[in-house]
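Notes to accompany the following structure.
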Amino acid sequence: MKQVVEAPITISAVFQDNMLLQVLCGPQDRNLTRIEEKLGVQVRPRGEVLEITGLSDVAYQALHALQDLYEQLQKRGSLNPEDIDAHLAYKTYDESQKDESVKKYSEDDFAIRTRKKHIRPRSPVQASYIRSLQEFDLTFGLGPAGTGKTYLAVAVAVSMLLAGKVERIIVSRPVREAGESLGFLPGDIKEKIDPYLRPIYDALNDILLPDQVERYMSTGEIEIAPLAFMRGRTLSNAFVILDEAQNTTAVQMKMLLTRLGERSKMAITGDLSQIDLPPGLKSGLRDALDILRNMDGVNFVYFTDKDVVRHPIVARIIRAYTEFYGI
């Protein structure tokens, strides 16, 4: 039986505002090129018309994406490559894997806004994660590197601090070597642990203005500390983030979970395929999943390689390792 090959189609979209259309296309049509590369279509500007050529399904995906991005421009007046990537990733995600609670919403409904930038989820799983961080007392974000687990937790925490919903942000992680011996580290305690906490500083500096980060750190409204410093404290009126939680022991995990005080929220992030504990020592993150799975007020959000927002090859690397090792 002869296979029928689908022929490309050409569809058009008209945009009335030429100034906004120029922004939509980008300098030297770079935004259109980005959409072409992501969806496998051709987009050609013809005056106030954009002509889209490609297979039927992707051509209409591109049409709807351009219309949505144009509407965003009408509301905000600006558009950057991150907006395009986020929108395309969100809209092309497998519908069957979307959480029912986010299906009817666009990524704009879950946007996090600060003075420096607007942060939008790039997948429905990221949207579910943002919703969970805002609504649940305790959220576990689980999955591979590059899926935005820590970054989005920091972003939600910052948005709640700015809105006065919490009085401080406390970010912690276990200080554990990732497979290599780092040897003696010179300097005071801050200088010794800062390299382990650098991803947190990077996230804060990306979300907040430099003077805001410095001010909040100096007043203690944002505190970044190793997990050992949490013992004996009660963390009230705070948004608490535990990063790299797969490298906690069961005792450490219980210690931090029981620090949670009144009017506080906690985010626990980790990747169970990246455990650096000594052989035979069970991860506190894995232990918590077994113990807290059905507890009220606790929610678990699972990321996959489809949610990776770094270089596209990162998702393929994660997938290859998962298939090879079965993790």
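These figures come from a predicted structure and were not determined experimentally.
Ion pair Arg233/Glu223 flagged as a salt bridge, since at least one NZ, NE, NH1 or NH2 atom sits closer than 4.0 Å to an Asp/Glu carboxylate oxygen. The existence of a salt bridge linking Arg215 and Asp211 is confirmed by a sub-4.0 Å separation between a basic side-chain nitrogen and an acidic carboxylate oxygen. One finds a salt bridge joining Asp290 and Lys282 here, because a Lys/Arg side-chain nitrogen approaches an Asp/Glu carboxylate oxygen to under 4.0 Å. Ion pairing between Glu221 and Arg168 fails under the 4.0 Å rule for side-chain N and carboxylate O. No salt bridge links Lys265 with Glu135; every basic N to acidic carboxylate O contact stays at or beyond 4.0 Å.
Scanning all heavy atoms of the two residues, the minimum distance from Met253 to Ala245 falls at CE-CB, 3.9 Å. Of all non-hydrogen atoms in Val301 and Ser132, the two that sit nearest each other are CG2-CB, 4.1 Å. Closest approach of Gly261 and Ser236 over heavy atoms only: CA-OG, 3.7 Å. The two residues Leu162 and Tyr216 have their closest heavy-atom pair at CD2-OH, 3.2 Å. Residues Ala153 and Tyr129 come closest through the heavy atom pair CB-OH, 3.7 Å.
Atom CZ of Phe136 has more than 12 neighbouring heavy atoms from other residues, nucleotides or ligands inside a 6.0 Å radius. Environment of CD in Gln74: crowded, with over 12 heavy atoms of neighbouring residues, nucleotides or ligands closer than 6.0 Å.
At a threshold of 4.5 Å between non-hydrogen side-chain atoms, the residues Thr53 and Ile9 do not count as touching. Annotation: side chain of Arg263 is not in contact with side chain of Val166 (no heavy-atom distance under 4.5 Å). Here the side chains of Leu281 and Pro278 are in contact, with some heavy-atom distance below 4.5 Å. Leu242 is listed as a side-chain neighbour of Pro174, based on a closest heavy-atom distance under 4.5 Å. You'll find the side chain of Thr147 stays beyond 4.5 Å of the side chain of Asp305, heavy atoms only. Annotation: side chain of Leu161 is in contact with side chain of Ile222 (closest heavy-atom distance under 4.5 Å).
Centroid-to-centroid, the aromatic rings of Phe140 and Tyr302 stay 6.0 Å apart or farther.
Annotation: the span from Asp57 atom CG to Leu39 atom CG amounts to 9.5 Å, rounded to 0.5 Å. Gln22 contributes atom CD, which lies 13.5 Å from atom CZ of Phe15 (distance to the nearest 0.5 angstrom).
A donor and an acceptor atom, one from each side chain of Glu214 and Gln212, are nowhere located under 3.5 Å apart.
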Take Ile84 and Leu88 through the test side-chain contact (heavy atoms from CB on, under 4.5 Å) and record every step on the way to the result.
CA-CA 6 Å; Ile84 297 171; Leu88 294 178; 3.8 Å; yes

